[in-house]
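Take a look at the structure below.
When reading the values below, keep in mind they use all heavy atoms of this one structure, side chains included, and skip hydrogens, waters and symmetry mates. For this chain, numbers begin at 1 and follow the sequence in order. Quick caveat, the model's predicted, so the values are computed rather than measured.
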Amino acid sequence: MECFVLIYFSNVVLEPKHSKLQSNLIIILGYSIYGVLCLFENPIINITGFFIVTFCVLRIGFKDNTKSLILKTIILMVLMMFGELLISLLFKKEINSDFHSNITVVQNIVFAVVSKIVYSAGVFVLRFCTVAKVRNNQTKEMLWVLLMPLTACIYFSFFNRVCFLFDDFMRTVFLLIGILLTVSSFIVYMVCDRIVEKNEEIQHLQKLDYKKEIDKKSYELIKSKYNDLRTMVHDFNKYCNNIEGMLNEDREEARSFIKSLENKNKEFMLIEHTNNRALNIVLSQKYRECNSKNIDFQVYIQAIDLSFLSEIDTVSIFANLLDNAIEGCAESKVKKIFLNVYQVNGAYVVFKVENSSDNKPKEKDGILKTSKKDYLMHGIGMESIKKALSNYDGQLRWEYNEETKIFKTTAMIVYYDKIKKK
């Protein structure tokens, strides 16, 4: 019963490291070993074995940080000890190495079943006290909250030894204290879980803002080059006169000067596809990046007004879409990216990016997972896109065709007069 209860609990509140079947088989294997330890009928071995086996199977089979797993294991141990001690009061016997031999077979069955029903009920309640499946962060608060369930375990061990030395009234008092400690452990666990959840939300928002700031700085850097380009165009006639003078005096020096102008032209090359300057700058940057990586980057944009898109939203949407496409092309034999921007019925604008990708993108719970090592930064690219699209009642979807090995990302935003004016 403990084994199946843990399978239920872990599958609901945690994320398997492997397949669900493999993770559940790890629990079954671990509790088979724990079952052998229980044959010794020694309370110390039982409690120690429960903690070690439960922690190990959760650590091996499921994703969570160490402190959180220790806390969950101790809380489960509190429930297990409370259930057994509660039923032992019915038999008025201390749980020790002679406990099972001093009661009848029927009493043994009642003790086992009813105590595990109490344990199962507690775990069921604990499941609703747990907010999320994965805890990536370990907070300092978790070290302190361990004291409450540990105190409950120590108290139950003491309670088991001394409660039968007192009368019924004192046993009732001891039981009420035990219930209070158990409830307090639940409350502390729930508060800690909420603290960790809020910390993760705050850190996640900070990463989004940081990513947005990086995009903004990148855009500002390219914009400065755009201004340099305008200066270069403005001075073009002066360059021509300078070259003409050099040709009359030193042809080699003229050739060198022309070569430097060609390189400067490539550096400042700007694609003028739209009336949205930020988009033109992003496309120019990504064109140069694709060119350096031998990626065939093709762009088709209808003659539509995109000036209503703010600069930062434009960068968030297109820079991240194209970054994902470049990442997908990185290890593919065929390296192609096609960006298509078009209008539908005068009501929507669609941004469609298709890129070659020999490997199917990793996905979990409808969220794309990056293959880059710096997952904390790059893993939030899609969320940056969604956040920017939300300003225009936009939507995002993606699909992968295993036959053509093409990954397609489509973003669609509402396009109407009041947004355009805004």
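Here the straight-line distance linking atom CG of Leu309 with atom OG1 of Thr314 works out to 4.5 Å at 0.5 Å rounding. Separating the CD1 atom in Ile74 from the CZ atom in Phe55 is a distance of 10.0 Å, to the nearest 0.5 Å. Here CZ of Phe9 is found 5.5 Å from CG of Leu76. Values are rounded to the nearest 0.5 Å. Once rounded to the nearest 0.5 Å, the distance linking CG of Leu21 with CG of Leu25 reads 4.5 Å. Taken to the nearest 0.5 Å, the CZ atom of Phe111 stands 7.0 Å off from the CD1 atom of Ile103. Here CG of Asn280 is found 13.0 Å from CD of Gln285. Values are rounded to the nearest 0.5 Å.
Without hydrogens or angle criteria, Ser356 side chain to Val334 main chain gives a donor-acceptor distance under 3.5 Å. In this structure, Asn42 contributes its side chain and Ile44 its backbone to a donor-acceptor pair below 3.5 Å. The backbone N or O of Gly61 sits less than 3.5 Å from a side-chain atom of Ser23, completing a donor-acceptor pair. Counting only distance, with no hydrogens or angles, the side chain of Asn355 and the backbone of Gly328 share no donor-acceptor pair below 3.5 Å. In terms of modelled atom types and a separation under 3.5 Å, the side chain of Thr48 and the main chain of Ile45 share no donor-acceptor contact. Side-chain atoms of Asn320 come within 3.5 Å of backbone atoms of Ser316 as a donor-acceptor pair (strictly under, hydrogens ignored).
In terms of heavy-atom proximity, Ile7 sits nearest to Ser10 at O-OG, 3.3 Å. Shortest non-hydrogen contact noted between Ser357 and Phe407 is CB-CB, 4.4 Å. In terms of heavy atoms, Asp358 sits closest to Lys333 at OD2-N, 2.9 Å. Considering all non-hydrogen atoms of both residues, Lys72 and Asp64 come closest at NZ-OD2, 3.0 Å. The shortest heavy-atom contact between Val57 and Gly30 is CG1-CA, 3.7 Å.
Looking at heavy atoms from C-beta onward, Met81 lies in side-chain contact with Cys153 at the 4.5 angstrom threshold. The shortest distance between side-chain heavy atoms of Asn46 and Leu37 does not fall below 4.5 Å. Between Lys17 and Arg59 there is a side-chain heavy-atom pair separated by less than 4.5 Å. Within the 4.5 Å cutoff, the side chain of Tyr287 has no heavy atoms near those of the Val299 side chain. Between Asp323 and Lys286, the closest side-chain pair of non-hydrogen atoms falls below 4.5 Å. You'll find the side chain of Tyr34 stays beyond 4.5 Å of the side chain of Thr54, heavy atoms only. Inter-residue side-chain proximity for Ile27 and Phe62 is flagged as met; some heavy-atom pair is nearer than 4.5 Å. Counting only heavy atoms from C-beta outward, the side chains of Ile301 and Leu283 approach each other to under 4.5 Å.
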| field | Derivation and outcome, side chain to side chain contact (heavy atoms under 4.5 Å, CB included), residues Glu289 and Ile295 | value | CA-CA 8 Å; Glu289 187 175 344; Ile295 297 174; over 6 Å; no
- Worked check of side chain to side chain contact (heavy atoms under 4.5 Å, CB included) between His18 and Ile26: CA-CA 10 Å; His18 320 284; Ile26 290 171; 4.0 Å; yes
Practice item. Take Phe4 and Ile28, measure what side chain to side chain contact (heavy atoms under 4.5 Å, CB included) needs, and give me the verdict at the end. Key: CA-CA 8 Å; Phe4 286 114; Ile28 293 172; 5.6 Å; no
- Can Leu69 and Leu14 be said to form a side chain to side chain contact (heavy atoms under 4.5 Å, CB included), step by step? CA-CA 10 Å; Leu69 286 178; Leu14 296 172; 4.2 Å; yes
Result block: side-chain N/O donor-acceptor pairs under 3.5 angstrom for residues 335-343, not counting sequence neighbours:
from   : atom 1 : to     : atom 2 : distance (Å)
Lys335 : NZ     : Cys329 : O      : 3.1
Lys335 : NZ     : Ala330 : O      : 2.8
Lys335 : NZ     : Ser332 : O      : 3.1
Tyr342 : OH     : Lys352 : NZ     : 3.4

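Taking the six-membered ring where the residue is Trp, Phe50 and Tyr119 present perpendicular rings, their angle passing 60° and hence far from 30°.
In this structure, Ile179 places its CD1 atom where more than 12 heavy-atom neighbours from other residues, nucleotides or ligands lie under 6.0 Å away. Applying the 6.0 Å contact sphere to CD of Gln395 captures no more than 12 heavy atoms from other residues, nucleotides or ligands. Within 6.0 Å of atom OH in Tyr348, 12 or fewer heavy atoms from other residues, nucleotides or ligands are found, so the atom counts as exposed in its surroundings.
Taking Lys405 as the reference, nothing meets the salt bridge (Lys or Arg N to Asp or Glu O under 4.0 Å) condition, with sequence neighbours excluded. Shown here are the side chain to side chain contact (heavy atoms under 4.5 Å, CB included) partners of Ser292, two or more places apart in sequence or in another chain: there are none. For Leu389, the side chain to side chain contact (heavy atoms under 4.5 Å, CB included) criterion is met by Ile317, Ile385, Leu396, Ala411, Ile413, not counting sequence neighbours. The side chain to side chain contact (heavy atoms under 4.5 Å, CB included) test applied to Ala152 returns Val78, Phe156, Leu181, Ser185, not counting sequence neighbours. Ser310 meets the side chain to side chain contact (heavy atoms under 4.5 Å, CB included) test with Ile312, Asp313, Tyr392; sequence neighbours excluded.
Residues Ser120 and Lys116 have side chains that never bring a donor and an acceptor to within less than 3.5 angstrom of each other.
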